[in-house]
There are 2 protein chains.
Amino acid sequence: MIRKKKSIHTIARDLGVSATTISFIINGKAKENRISSELIKKVEDHLGHINYKPDIIAQSLRTGKSNLIGMLMEDISDAFFSSIARGVEMGLENSGYKLLFISTKNKTADASLILDLLKEHKVDAFIIAPSPGLEQEISELIESGKPVVLYDRYFKTLNTCNIMIDNRGGAYMGTMELFNNDYREVAFVTLRSDQVQMADRLLGYKDALAQAGQSKTILLEIPYNLDIHQTSLQIRNFFKKNKTMEAVLFATNYLAIAGLQALKDLGWVVGSDIGIVGFDDNAHFSLFSPSVTAVAQPVGEISRAIVQNIREALTAERICEPRTIVLPAQLIRRESSVKPLV
Amino acid sequence: MIRKKKSIHTIARDLGVSATTISFIINGKAKENRISSELIKKVEDHLGHINYKPDIIAQSLRTGKSNLIGMLMEDISDAFFSSIARGVEMGLENSGYKLLFISTKNKTADASLILDLLKEHKVDAFIIAPSPGLEQEISELIESGKPVVLYDRYFKTLNTCNIMIDNRGGAYMGTMELFNNDYREVAFVTLRSDQVQMADRLLGYKDALAQAGQSKTILLEIPYNLDIHQTSLQIRNFFKKNKTMEAVLFATNYLAIAGLQALKDLGWVVGSDIGIVGFDDNAHFSLFSPSVTAVAQPVGEISRAIVQNIREALTAERICEPRTIVLPAQLIRRESSVKPLV
DNA sequence: GTTGTTTTTTAAATCGATTTAGCTGTGGTT
DNA sequence: AACCACAGCTAAATCGATTTAAAAAACAAC
């Protein structure tokens, strides 16, 4: 039953027409090239009958389009990124485009190599959570005329299409939630990073301190790419050193997990001994005891926005319109940010 | 700085040699075609100098190879599948192959369409967690001569290369863990499914019942693709109906989450009111109170085995050797499967 | 100075589409 | 009858590689 695939030329010969005619008909250019409607019907019937599918690779070579979209993220096994990946995948269903997901581990050098590879594959568009120091590459990408959407972070120096959430507002909300529930000194555990999403979260934390009248920041900055055990250890030491601290905002999901581990190891009781808010909600947070309050990123809307911008640009055959879309973060109030009634 | 890419023919003209010569040299066929070493050097120097990279699409068209590997999973946003995806991605780094990840949602029709799309893209190999009813498609794929590896489940009727874990043994261990800790009647919450991995887990549960002398199975089979809330509701009702039950094994991560939610809603205390073991470990299970005992799947080894089999077949240019590799499951003993001392 | 052999290099076909430029044939004008 | 306009269709070039089959060059033998 495995019949060799027929090329447009073979079919043309079978039908006694030219390949040009068939190509016109396939691509909806029959009218503008004045192919008679009888011939159109004849060809279409036959194509339908033998279930002809053009060879994508040959089309790619000729047209320079691959029907592939490259999507770079920090790590496909991370819940946040894989959720967005899934959302984008769904948004692109039946679009004719397929996705090439790639994890960068936030390494600049790797990301740059990956972009080269994607360019070689003639990828039609790029969806990127950029690693630090990728300005030059991204700028060149956009100059090449291909649609590019950045998400989760971007470069202030670059005039790109960015899908962001309100990191500053989110961190502010998360911190204020703790102050509002009578925790006095609120600390912030974050990643050592110059990237905009992290910088904004720090700003939001500081906004809240100013608002609440806490004079000094209590800050722990963890280096990138540390394993979870090391991270947890650093947080534990930080907790032990800062006795006066009553609550803490974790800047990422990963840090919240490491932090909860640290607290468990210390034997501190979440809620009464220390108030907790995480950034980035998680399916499991509602099941912890106490359940964990979190600033949720609207994953569905992020992917929707990504898809919409990419599709628009792709159909209009132009680059993505430079703009920064800021989606609101949402505070999911649970038990870890409230002192229990004794 | 954006210079148009040079084709092998342009370069040939520049150098005053033929494209054939260059092609031979690029592909390491210079020796067997007796290209003189001076010429080789001259060409290689020049190629290095202008940083020539062959056009992958053109190569694809000519050779029929795309350097793409298609990987089908149930859902890229699921922790188990995304971890394996990441593992495979790492294993394939610097291999020259790129991965096309695709979620099937376990729908037969979708998966079949997806395979068609992948075939059109001339994907070189397939890594598949097959949806039910995909026997025919997979069998045709293998006949086409392309390497295919199945993982997480397979078809007994098909002579394929399968990377599995010991589902039966794992479920047995999980159930016995509960019996060994003095829980009397152990239930099993699973998915309504004929797939081999689920059938094996059920067998393992029954093995343990036989061993422990529990005469009747206490079984809840949840339909596929139910949302988490509905699932949780069904589990709650199941719990309410089966008063004599003292412990439960959940067949998947997803079910464990839904089950914990149900228990929280019921106000039952995990450990004392009911013993719990999950299938498929999770980064968060150690942080629950009580922490959740689980049968862990060796994600790293699964991806390693997948990669190894695919790479072997790819370099030898043959299909994957038919065989079923069964990796051991591991019981991660935590608090949820032990009655607390009162 | 032929002829034969071996070494080195290359012209041209091919993969399967798209697209430019142009070829027919019909009918209308003058 | 000569010319043009236009509808309807197609030959051939092209994208950028690989590969087959053969040409060209170098050398040896007689």
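The sequence lines fix the lettering, A, B, ..., with proteins before strands; numbering per chain opens at 1. This is a predicted model, so every value here is computed, not measured.
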Worksheet item: Among the nucleotides D:dT18, C:dT19, D:dA17, which one has an atom lying closest to any side-chain atom of B:Ser23?
Response: D:dT18
Worksheet item: Between C:dA11 and B:Ser18, is there an OP1 or OP2 to side-chain N/O distance shorter than 4.0 Å?
Response: no
Worksheet item: Counting N and O atoms only, with roles assigned by atom type, does the side chain of B:Ser103 sit under 3.5 Å from a partner on the main chain of B:Met73, one being a donor and the other an acceptor?
Response: no
Item to complete: Give a yes/no answer on whether the side chain of B:Gln59 brings an N or O atom under 4.0 Å of OP1 or OP2 in D:dG16.
Response: no
Worksheet item: Please give, in whole Å, the distance from D:dT10 P to A:Leu15 CG?
Response: 11 Å
Discussion item. Closer than 3.5 angstrom, by distance alone: can the side chain of B:Ser23 be matched with the main-chain N or O of B:Ala19 as a donor-acceptor pair?
Written reply: no
Worksheet item: Do you see a donor-acceptor pair shorter than 3.5 Å between the side chains of B:Tyr151 and B:Asn162?
Response: no
Worksheet item: Between C:dT8, D:dC9, D:dA17, which nucleotide has the shortest distance from any of its atoms to the side chain of B:Arg34?
Response: C:dT8
Practice prompt. Quick one: label B:Ile56 by what it contacts on the DNA or RNA (base, sugar-phosphate, nothing), any heavy atom closer than 4.0 Å.
Written response: nothing
Fill in: 5' precedence on DNA chain C between A:Asn27 and B:Arg62 (nearest-nucleotide basis)
B:Arg62
Discussion item. Using a 4.0 Å heavy-atom cut-off, does A:Leu39 contact any base of the nucleic acid, only the sugar-phosphate backbone, or nothing at all?
Written reply: sugar-phosphate
Worksheet entry | Atom pair distance, as rounded to whole Å: CD1 in A:Ile57 and C1' in C:dT14 | 16 Å
Worksheet item: Reckon A:Lys5 has a side-chain N or O less than 4.0 Å from the OP1 or OP2 of C:dG16?
Response: no
Fill in: Distance in angstrom units between B:Ile8 CD1 and C:dT10 P, rounded
12 Å
Item to complete: Measure from CG on B:Asn33 to P on D:dA22 and round the result to the nearest Å.
Response: 16 Å
Worksheet item: Roughly how many Å is it from CD1 in B:Ile35 to P in C:dT9, rounded to a whole number?
Response: 6 Å
Worksheet item: Separation of B:Ile22 atom CD1 from D:dT19 atom P, in whole Å?
Response: 16 Å
Discussion item. Judged by each residue's nearest nucleotide on DNA chain D, which is more toward the 5′ side, A:Phe24 or A:His9?
Written reply: A:Phe24
Fill in: Residue from B:Asn309, B:Thr160, B:Asn159 passing side chain to side chain donor-acceptor pair (under 3.5 Å) with B:Arg323
B:Asn309
Worksheet item: If only side-chain N and O atoms of A:Ser7 are considered, is one of them under 4.0 Å from the OP1 or OP2 phosphate oxygen of C:dG16?
Response: no
Discussion item. Any carboxylate oxygen within less than 4.0 angstrom of a Lys/Arg side-chain nitrogen, looking at B:Arg86 and A:Asp75?
Written reply: yes
Item to complete: Measure the distance from NZ on A:Lys31 to C1' on D:dC9 and round it to the nearest whole Å.
Response: 16 Å
Discussion item. Tell me whether the side-chain N/O atoms of B:Tyr52 come closer than 4.0 Å to OP1 or OP2 in D:dG16.
Written reply: no
Item to complete: Mind running side chain to side chain donor-acceptor pair (under 3.5 Å) on A:Tyr154 and A:Glu135 for me, showing each step along the way?
Response: CA-CA 9 Å; A:Tyr154 66 100; A:Glu135 282 104 326; over 6 Å; no
Response to the item:
Heavy-atom nearest nucleotide on DNA chain D taken for A:Gly16 and for B:Thr20; more 5' hit belongs to A:Gly16
Worksheet item: Quick one: does B:Ser36 reach the base of C:dT7 with a side-chain donor-acceptor pair under 3.5 Å?
Response: no
Discussion item. Would you say B:Thr21 places a side-chain N or O within less than 4.0 Å of OP1 or OP2 belonging to C:dT10?
Written reply: yes
Fill in: Value in whole Å for how far the P atom of C:dG16 lies from CZ of A:Arg13
13 Å
